[in-house]
2 protein chains.
Amino acid sequence: MSSTNSLTSEELGSPAQRERRQRILDAAVALSAKGGFEQMQMRAVAERADVALGTLYRYFPSKIHLLVSVLGQQFEEAYLSLVRKPIPGDTAADRVMFVLGRTTRSLQREPNLTEALTRAFMFADASVAGEIHVVEVHVTRMLMAAMRNSRDATTLQPTEEELAITKVVGDVWLASLVQWVTGRASAHDVGASLDTAVRLLLR
Amino acid sequence: MSSTNSLTSEELGSPAQRERRQRILDAAVALSAKGGFEQMQMRAVAERADVALGTLYRYFPSKIHLLVSVLGQQFEEAYLSLVRKPIPGDTAADRVMFVLGRTTRSLQREPNLTEALTRAFMFADASVAGEIHVVEVHVTRMLMAAMRNSRDATTLQPTEEELAITKVVGDVWLASLVQWVTGRASAHDVGASLDTAVRLLLR
DNA sequence: AACCGAACTGGAACGTGTTCCTATTATGCA
DNA sequence: TGCATAATAGGAACACGTTCCAGTTCGGTT
């Protein structure tokens, strides 16, 4: 597994390069959505994105880097869509459950894509730290926004307790998703696990 | 990835077969301990266990099946060693932390082996459900024994609440281990995460 | 416009997990 | 003991992630 980072769209000079990068990400999404982790094959991504295999590897140093980058982009969109309106719910627990439920349902609408992204995330090693950090930041922001119920939650310093709870909820969420994508838990089970965890943590 | 299960030692007829199976598991442990997931290569396992590659695949239908089977065996040993004496600690939280701390330290003593086993566990798909279930049973038993502080904890029916807490703790444990083996968290971070989760859950 | 270095193309090649095939050996049964 | 069947050995072959290379194109500089 390569040790360098994926190219971010900021550090890409020309518009043509940014377009190429986005074509690659789009191709990865399309192929993952069709056939999951195994069928998202690097040669197929390159062909669909209309770039050479070597170019694909210049932009994303491995299949895992590519998929975790996709995940980061998906969560960024989810976060932006989420904070457009105030989060409904009277208590922190209600709001966190709203966010978890909404995001989980959205993931479950594209099971193959979610399988590919989740497995890549879990399989990633230290070289993918940068891409993973992006995902973690978005998840933390989403949950923090729910706990705070305020659009400027990111500007206030979170308390230790809030961060701890956020981390546990994130861990449970991830573990549940893994169980779901590997067929060891149903969609309902995921909801129940999150419900239980939030109830235990935010009481 | 194959869809059949690994051969368990019970369903293996001859003693020679049981020995072969154990030689394979031992070889997998040795090679994983030396070089982690990537260096535990199927050809090397077959050679070290003195079986043909095809035979290795007859016993374990994939590298993931093999590693998760190893994990099951390791947890079985850990469980048996644990329940030999009463678990120290006055409260459920103390005893759960004792078990988590002890097991985690033991895993961290063989970082490469733990890396291989954890990544295999996280990467496993639905076809590995049987092997994964074995692991889950042992983990649940260990944590339940700690919460109950009684050797016959397995015979009593656990309450819903106990099961829910056990599941959340297990999820956090796994997520922390993943972060540790992928270099995204230190050994100390793992302890701190577990400490926090147990404190939040068993208060 | 000519030039230079970086980026890209197309494709071969390599490594490792996995599959497959044939010859040989072990096992259980009559 | 002799036979039928299953299990194993040995190794070729395949798939896909990854690397590498020679030739071509692109973008900026003078």
Side-chain angles (χ1 to χ4, degrees), chain A residues 1-7 9 11-24 27-28 31-32 34-69 116 119-120 123-125 127-128, chain B residues 1-7 9 11-24 27-28 31-32 34-69 116 119-120 123-125 127-128:
Chain A
M1 188 162 290
S2 176
S3 61
T4 54
N5 277 344
S6 311
L7 268 35
S9 85
E11 66 204 25
L12 247 28
S14 76
Q17 284 179 317
R18 264 190 285 273
E19 279 163 27
R20 241 189 298 261
R21 189 187 124 99
Q22 192 56 51
R23 277 207 313 277
I24 293 172
L31 292 171
S32 298
K34 194 186 298 175
F37 185 87
E38 290 192 12
Q39 291 309 307
M40 200 239 38
Q41 301 180 178
M42 295 301 267
R43 286 176 179 85
V45 170
E47 191 175 350
R48 184 171 185 131
D50 204 28
V51 298
L53 195 52
T55 305
L56 170 52
Y57 275 94
R58 245 186 57 82
Y59 280 72
F60 300 95
S62 79
K63 176 170 174 172
I64 302 292
H65 284 81
L66 172 53
L67 283 172
V68 178
S69 297
R119 296 188 60 199
F123 199 64
D125 70 7
S127 75
V128 199
Chain B
M1 190 161 292
S2 177
S3 60
T4 54
N5 277 346
S6 311
L7 268 37
S9 86
E11 67 202 24
L12 247 27
S14 77
Q17 284 179 316
R18 264 189 286 273
E19 279 162 27
R20 241 188 297 261
R21 189 188 124 98
Q22 192 56 50
R23 279 208 310 279
I24 293 172
L31 291 171
S32 297
K34 195 186 296 176
F37 184 86
E38 290 192 12
Q39 290 309 306
M40 202 240 36
Q41 300 180 179
M42 296 301 268
R43 287 174 179 83
V45 170
E47 191 175 353
R48 182 168 186 132
D50 204 28
V51 299
L53 194 51
T55 305
L56 170 52
Y57 274 93
R58 245 186 56 83
Y59 280 70
F60 299 95
S62 80
K63 174 170 176 171
I64 302 292
H65 285 81
L66 172 53
L67 283 172
V68 177
S69 297
R119 299 195 49 204
F123 198 63
D125 69 7
S127 76
V128 200

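Throughout, a chain's letter reflects where its sequence line sits, starting with A, and its residues are numbered from 1.
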May I have the distance from [X] (atom [atom1]) to [N] (atom [atom2]), rounded to whole angstrom?
X: Tyr57(A); N: dT9(C); atom1: OH; atom2: C1'; answer: 16 Å
X: Glu47(A); N: dC8(C); atom1: CD; atom2: C1'; answer: 17 Å
X: Phe123(A); N: dC16(D); atom1: CZ; atom2: C1'; answer: 14 Å
X: Leu56(A); N: dG17(D); atom1: CG; atom2: P; answer: 10 Å
X: Glu38(B); N: dT18(D); atom1: CD; atom2: C1'; answer: 12 Å
X: Ile24(B); N: dT8(D); atom1: CD1; atom2: C1'; answer: 11 Å
X: Phe60(B); N: dT19(C); atom1: CZ; atom2: P; answer: 15 Å
X: Leu67(A); N: dG17(D); atom1: CG; atom2: C1'; answer: 12 Å

[X]: which residues meet the side-chain contact (heavy atoms from CB on, under 4.5 Å) condition with it, sequence neighbours left out?
X: Ala116(B); value: Ser32(B), Phe37(B), Leu67(B)
X: Arg48(B); value: Ala27(B), Ala30(B), Leu31(B), Lys34(B)
X: Gln22(B); value: Leu25(B), Asp26(B), Gln73(B)

Toward the 5' end of DNA chain C, which comes first, Lys63(B) or Ala16(B), by nearest nucleotide? Lys63(B)

Would you say a side-chain N or O of Tyr59(A) is under 4.0 Å from OP1 or OP2 of dC8(C)? yes

Quick one: which of dT19(D), dT19(C), dA7(D) gets closest to the side chain of Gln17(B)? dA7(D)

Among dT8(D), dG17(C), dT27(C), which nucleotide sits nearest the side chain of Arg58(B)?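 Out of dT8(D), dG17(C), dT27(C), the nucleotide with an atom closest to Arg58(B)'s side chain is dT8(D).
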
Between the protein and nucleotides 10-15 of chain C, which nitrogen or oxygen pairs come in under 3.5 angstrom?
{"residue": "dA13(C)", "atom": "N6", "partner": "Arg43(A)", "partner atom": "NH2", "Å": "3.3"}

For residues Phe123(A) and Arg119(B), report the shortest heavy-atom separation together with the two atoms involved.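 Result for this residue pair: O-NH2, 2.9 Å.
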
Which pair of non-hydrogen atoms, one from Met42(A) and one from Leu53(A), has the smallest distance, and what is that distance?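 That closest heavy-atom pairing would be O-CD1, 3.8 Å.
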
Check: Ile64(B) and Asp125(B) side chains under 4.5 Å, non-hydrogen atoms: no

Just verifying a value: how many Å separate Leu56(A) CG and Arg23(A) CZ, rounded to the nearest 0.5 Å? 11.5 Å

